[in-house]
2 protein chains.
Amino acid sequence: MVHEPTVLDRLLEISELFQKDMARGNDDSGLTPARVRLLWELAHSGPMSQHELATRMEVSRRNITGLVDALEASGHVARSPHPNDRRSTIVSLAASAQRMMRGMQQEHADLTADLLGAVDPVDRPALERGIDAIAGRLRELIAADEARRAEREGRRA
Amino acid sequence: MVHEPTVLDRLLEISELFQKDMARGNDDSGLTPARVRLLWELAHSGPMSQHELATRMEVSRRNITGLVDALEASGHVARSPHPNDRRSTIVSLAASAQRMMRGMQQEHADLTADLLGAVDPVDRPALERGIDAIAGRLRELIAADEARRAEREGRRA
DNA sequence: AGGTAACAGTGTAGTACCATCAGCATATGG
DNA sequence: CCATATGCTGATGGTACTACACTGTTACCT
């Protein structure tokens, strides 16, 4: 029942540790994972409509409404009308939240530097190539699986 | 606001993809993440008391009761009396669940092989060393942070 | 123009899950 | 015998998500 841990196991472990770390950050800020994810999306790609948020996060529009409601109430985001399309509302980060996200990105950058510092410089290029390769392959597999899944759904309907 | 993705970002991406994959597996088996985690703990470390499960999973005993209740109802685990301590009940995997977990481990092994196959063989040793180093460093950081946190808790109390 | 279809956001209602707290029963272990 | 650990009950709260129905807006298209 006991395996010697493979590279993938290590990766999974790192995943878990990251999650743990993220969860802690959430606790500190009083935000929930889903809300942080939304904020992160905004920080990364700038203001956008709720519809676009729903698409990117792959959840229902209704769900976005709730998340934005909460984040608006806590002052993290603001709703503003779309200049051209009066149906749409644009969600943007409040100044304070922008600062917060900047801080998180800074922390993230620091962590990156720290962790990378633990790797023998000689190994870094290969490490980078290897991780890229794995990420790429994983993306492929997921895409293929999703396609298969979608097709099966189609057949059934 | 746009960064070029670093190795760490790639790692985070891999984390997310893994999670997505796991979530899908959960859907298939009709199990929730927490329940799967419990099963995994049992598969990995063998039968144990609820108390021990609570300790390992870092959740309340009450929570374990609920999870075990559900898993027992669905036939994934069985409760049996502890041989020495008659207060305690031992939770163990049912045969079917054991098979299921074996299957999951097999899938995991296959995935590992597949993903590793995408990496240039020349890069693998360095990749392995690099990942080990990162995982190790991350563990250190988390441990240090937890210690700091615990101390602060102590001070307040 | 007028009608119609598609789209944005939202209200209502409902589901599933995780987790906690305080307290209770038991019987074990000292 | 009593303190304690173990597991369980009941009550509560909260997040995340969905489906359906509705309003207003835009775009298309005869």
Enquirer: Going by side-chain contact (heavy atoms from CB on, under 4.5 Å), A:Leu71 matches just one of A:Leu93, A:Leu39, A:Val36, A:Thr32. Which one?
Expert: A:Leu39

Enquirer: Would you say that more than 12 heavy atoms from the other residues, nucleotides or ligands in this model lie under 6.0 Å from the CZ of B:Arg61, or not?
Expert: no

Enquirer: When you measure from the side chain of B:Asn63, which nucleotide among C:dT28, C:dG9, C:dT20 comes out closest?
Expert: C:dT20

Enquirer: Would you say the side-chain atoms of B:Arg56 and B:Ser45 include a donor-acceptor pair closer than 3.5 Å?
Expert: yes

Enquirer: If you assign A:Asp85 and A:Leu67 each to the DNA chain D nucleotide with the nearest heavy atom, which residue ends up on the more 5' nucleotide?
Expert: A:Leu67

Enquirer: Report the C-alpha separation of A:Leu111 and B:Leu141 in whole Å, then their side-chain angles, then the decisive distance to 0.1 Å, and conclude whether the side-chain contact (heavy atoms from CB on, under 4.5 Å) test is met.
Expert: CA-CA 9 Å; A:Leu111 183 62; B:Leu141 289 176; 3.6 Å; yes

Enquirer: Identify the heavy atoms of A:Asp123 and B:Ala126 that sit nearest to each other, and give their distance.
Expert: OD1-CB, 3.5 Å

Enquirer: Does anyone know the first and last nucleotide of DNA chain D in reach of chain A, 5' to 3', at under 4.0 angstrom to a heavy atom?
Expert: D:dT15 to D:dT26

Enquirer: Can you tell me how far C1' of C:dC17 sits from CG of B:Asp69, to the nearest Å?
Expert: 15 Å

Enquirer: For A:Arg35, which contact category applies under a 4.0 Å heavy-atom criterion: base, sugar-phosphate, or nothing?
Expert: sugar-phosphate

Enquirer: B:Asp132 vs A:Arg10, test: salt bridge (Lys or Arg N to Asp or Glu O under 4.0 Å). Steps then yes/no.
Expert: CA-CA 7 Å; B:Asp132 278 4; A:Arg10 279 288 144 70; 2.6 Å; yes

Enquirer: To the nearest angstrom, how far is A:Ile64 atom CD1 from C:dG11 atom P?
Expert: 15 Å

Enquirer: Please state whether the phosphate of C:dT10, meaning OP1 or OP2, lies under 4.0 angstrom from any side-chain nitrogen or oxygen of A:Thr65.
Expert: yes

Enquirer: Under 3.5 Å, is there a donor-acceptor pair between the A:His51 and A:Ser49 side chains?
Expert: no

Enquirer: Using a cut-off of 4.0 Å on non-hydrogen atoms, how would the nucleic acid contact of A:Ser60 be classed: base, sugar-phosphate, or nothing?
Expert: base

Enquirer: Mind listing the residues from residues 74-82 of chain B sitting with a heavy atom below 4.0 Å of DNA chain D? Number order is fine.
Expert: B:Arg79

Enquirer: Using nucleotides 5-7 of chain C, report all nitrogen or oxygen pairs with the protein that are shorter than 3.5 Å.
Expert:
| unit_1 | atom_1 | unit_2 | atom_2 | d |
| --- | --- | --- | --- | --- |
| C:dC7 | O2 | A:Arg87 | NH1 | 3.3 |

Enquirer: One thing to verify: whether A:Arg129 and B:Asp120 come together as a salt bridge, which I'm taking to mean a side-chain N less than 4.0 angstrom from a carboxylate O.
Expert: no

Enquirer: Locate the shortest heavy-atom distance separating B:Leu17 from A:Ala135; write the atom from each residue and the value.
Expert: CD1-O, 4.4 Å

Enquirer: For the pair made of CE in A:Met48 and P in C:dA8, what is the distance, rounded to whole Å?
Expert: 15 Å

Enquirer: Under 4.0 Å between any heavy atoms, over every strand shown, what does B:Arg62 touch: base, sugar-phosphate, or nothing? Just pick one.
Expert: base

Enquirer: Test side-chain contact (heavy atoms from CB on, under 4.5 Å) on A:Thr89 and A:Val68; report intermediate values, then the result.
Expert: CA-CA 11 Å; A:Thr89 68; A:Val68 173; over 6 Å; no

Enquirer: What are the two closest non-hydrogen atoms of A:Arg79 and A:Glu72, and how far apart are they?
Expert: NE-OE1, 3.1 Å

